[in-house]
Amino acid sequence: MAASSKYSSMSFMKVAMMVALILVVAATVVDGQSCNAQLSTLNVCGEFVVPGADRTNPSAECCNALEAVPNECLCNTFRIASRLPSRCNIPTLSCS
């Protein structure tokens, strides 16, 4: 039961981080243009990144969408998302 509780807690943290990332996406700006439209094209990758997904190899559509997002847009989004846990007074996510 303790293992199940630990797994649930870890899953909650992953889901919370995904939600936080989505919120960050809405506010991320690169070179005066919003990354929102570019990042939203990554929705086609959703089935490959969900915990417990049956399919782990991304489709060509997913790979093309990822390639189309500017690196600066992705990097800024990840930088901002990585700061959210401390700003929300929750434990820092450890992905070891």
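From a predicted model like this one, the values you see are computed outputs, not experimental measurements.
Residues passing the side chain to side chain contact (heavy atoms under 4.5 Å, CB included) test with Cys75, sequence neighbours excluded: Arg79. In this structure, Cys63 has no disulfide bond (SG atoms under 2.5 Å apart) partners at least two apart in sequence or on a different chain. A search for side-chain hydrogen bond (donor to acceptor under 3.5 Å, both in side chains) contacts involving Glu61 returns nothing, not counting sequence neighbours. Contacts of Leu66 classified as side chain to side chain contact (heavy atoms under 4.5 Å, CB included), with partners at least two apart in sequence or in another chain: Leu42, Leu74.
Distance check, rounded to the nearest 0.5 Å: CD of Glu47 to SG of Cys62 gives 8.5 Å. Leu84 CG to Thr92 OG1: the interatomic distance, rounded to the nearest 0.5 Å, is 11.0 Å.
Taking 4.5 Å as the limit, some side-chain heavy atom of Leu39 sits within range of a side-chain heavy atom of Cys73.
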